[in-house]
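What follows is a short report on a single structure.
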Amino acid sequence: MDNVLSALVEAWEELRINKNRIILSLIGVGAAVWAMATVLALGTIISSSFEFFSSLYSGRPGTVSVVVNRMVDSGADETGLEDSNTFTDPSAPLNSDQGNVGEVDYRDLQVNEDGSLNDPFSAAVMQVVEKTGSNYWTRTRYFNAEVQAPEYDPCYVSMDEFTECTDSPPSFQAVDPGYFTIYYKQLLHGRLLTAADGQLQMNPVVVNEAMWQALGKPNPEEFPRMRLRQHQNVVLTVVGVVRNATTWDSAEIYLPYDSVLASFPASVVGGGETTYAFIAPRGEEKHAGQVVADTLRGLLGPGYEATANFNERVDEGQQQQNTIVTAVISTIGGIVILLGALGLLTVSIVTIQQRVREIGIRRAMGASARRVFISVFLESVVATTVAGMVGVMLSILTIRFMPSGWMDLPVSTSTIAYPLSAAFLGVLIAAAVGALCGIIPAYYAVRIKPIDAIRY
């Protein structure tokens, strides 16, 4: 071990002394490593960015979404609504199509005596959660409702600096706290929803950037409020803002699922799409989705349909494709680095011929052939490794300060970690090429004998 360390020190000193002769040769090696590492890193980052973008809508890898719908039988009337599920709600708005007040289809909801909603879907999901012991899960109910607030303006300046005006009301999503973890919602201001928020009368909500801008960018710490336009008694309090998934996202409002059942009228949320999402163990996504879907159908009865969809982790085909692309780029990069190292090889051979006196004296002083071989061999390895490290550092700086707009990536490259595989591969190939180019000069150095020093 000591011999190797001393040989490394000698190699570094020799490179420092002869730096003017070899630095130009190493520039080609460093440039080749920079190009190869940058291409490999960009490929990994692009793949990761689109995987991340997909996860914003379909959930993290391993997420299973079970969509639950109540089926409408053949006895539905002309409007497509079951007579048995049509209730009269005094608080419901006028339905101009039917000409009656409050005649709406609640589908999967019923109104309790205290005004709260009876949601069979929610009750069934809670039983499933208790039986399966899921750590990350969420109920989700989608619906739309018009809101009003002092500074609310449906026309706002979007993230890409264009004026956007929404004709449709904001999209509401009744969720559980696990929703923000499963779907990568990034907090910008305030806080996210907690399990206790469903019991608060203030009805805490989290909005996305589009809705936040439409509200006039209020400070969530001041608890800004808004109301449902057609139900003034329903007050919502903004407690947090999350980042838009894309620049063209519409206004969205996230609120606790339990607070919807306690505070919202059935005419607003009834009939909305409901989904139960959870993260399944690795490799068991399909089986877990089928089991949960069957369980929900059994708990809800024959009038409901449950369909499982799951976001698979990176499949074998994609992994194999990534491996092939990495191998091809690495091979091309290795060839380019080898061509750059040929200049270093030429300089090293010339240098050995000029160091005959030095090496002969070292042999006369007792240096073994092995020690001379390793010393000269490591000079090439250390030189190309240092050049490779410099190339990797330049690649990291290139990726970090490169604008992602020209690639039209869904996320900024600065938010994705630089892939260590690209860095390790670049340095490893540089060192390997240096080793190949160091064998010939080391072989010449070993053949030098002490008597040769007298001739120089």
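All figures in this text were calculated on a predicted structure; none of them were measured in a lab.
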Determine yes or no for a side-chain-to-main-chain donor-acceptor pair under 3.5 angstrom, with D294 supplying the side chain and V291 the backbone.
no
So, R139 and D119, do they make that salt bridge, N to O below 4.0 Å?
no
Any side-chain heavy atom of F180 sitting closer than 4.5 Å to one from L193?
yes
Please find the pair of heavy atoms, one from G388 and one from A430, that lie closest to each other, and give the distance.
CA-CB, 3.9 Å
Taking every heavy atom of S58 against every heavy atom of Y183, the minimum-distance pair comes out as C-CE2, 3.8 Å
Salt bridge check: are R243 and D249 linked by an N-O gap of less than 4.0 Å?
no
Under 4.5 Å between any side-chain heavy atoms of P220 and V241, yes or no?
yes
Neighbour count >12 (heavy atoms, 6.0 Å) for atom CZ, R297
yes
Heavy-atom side-chain proximity of F278 to T138 below 4.5 angstrom:
no
Ignoring hydrogens and angles, tell me if any N or O in the side chain of N208 forms a donor-acceptor pair with the backbone of N244 under 3.5 Å.
no
Are any side-chain N or O atoms of S380 and backbone N or O atoms of G434, one a donor and one an acceptor, separated by less than 3.5 Å?
yes
Looking at V292 and V128, what are the two nearest heavy atoms and their distance?
CG1-CG1, 4.1 Å
Would you mind reporting whether V206 and V239 have side-chain heavy atoms less than 4.5 Å apart?
yes
T237 side chain to M202 backbone, donor-acceptor under 3.5 Å:
yes
L192 versus D197, closest heavy-atom pair with distance
O-OD2, 4.2 Å
When you measure from the centre of the six-membered ring of Y184, is the NZ or CZ of R60 under 6.0 Å away and within 45° of the axis?
yes
Are Y179 and Y254 close enough that their ring centres sit under 6.0 Å apart?
yes
Ring pair (Phe, Tyr, Trp, His ring centres under 6.0 Å): pairs with one or both residues in residues 199-230, sequence neighbours excluded
H189-W212
Determine yes or no for a side-chain-to-main-chain donor-acceptor pair under 3.5 angstrom, with N219 supplying the side chain and E221 the backbone.
yes
Any side-chain heavy-atom pair from V392 and V427 closer than 4.5 angstrom?
yes
Within the 4.5 Å heavy-atom criterion, are V207 and E252 side-chain neighbours or not?
no
Answer whether the closest heavy-atom distance between the side chains of V234 and P265 falls below 4.5 Å.
yes
Would the number of heavy atoms belonging to other residues, nucleotides or ligands and lying under 6.0 Å from OH of Y136 be above 12?
no
Sub-3.5 Å donor-acceptor pair from the side chain of S134 to the main-chain atoms of V129, do we have one?
no
Hey, is CH2 on W34 packed in by over 12 heavy atoms from elsewhere, all under 6.0 Å?
no
Using 30° and 60° as the class limits, which term best fits the ring planes of F143 and F264: parallel, tilted or perpendicular?
perpendicular
Are M226 and P150 packed together at the side-chain level, in the sense that at least one heavy-atom pair is separated by less than 4.5 angstrom?
no
Do other residues, nucleotides or ligands put more than 12 heavy atoms under 6.0 Å from the CD atom of E151?
no
So does V260 get a backbone contact from the side chain of S263, meaning a donor-acceptor N/O pair under 3.5 Å?
no
Please check if the side chain of S395 supplies one atom and the backbone of T38 the other of a donor-acceptor pair under 3.5 Å.
yes
What closest approach, in Å, do A41 and Y418 show between heavy atoms, and which atom pair accounts for it?
CB-CE1, 3.6 Å
On a heavy-atom basis, which atom in V147 and which in P170 lie closest, and how many Å separate them?
CG2-CG, 4.0 Å
Check whether R227 reaches the backbone of Q232 with its side chain - one donor and one acceptor, N or O, closer than 3.5 Å.
yes
Exactly one candidate in V67, V66, V64 meets side chain to side chain contact (heavy atoms under 4.5 Å, CB included) with N309; the answer is V67
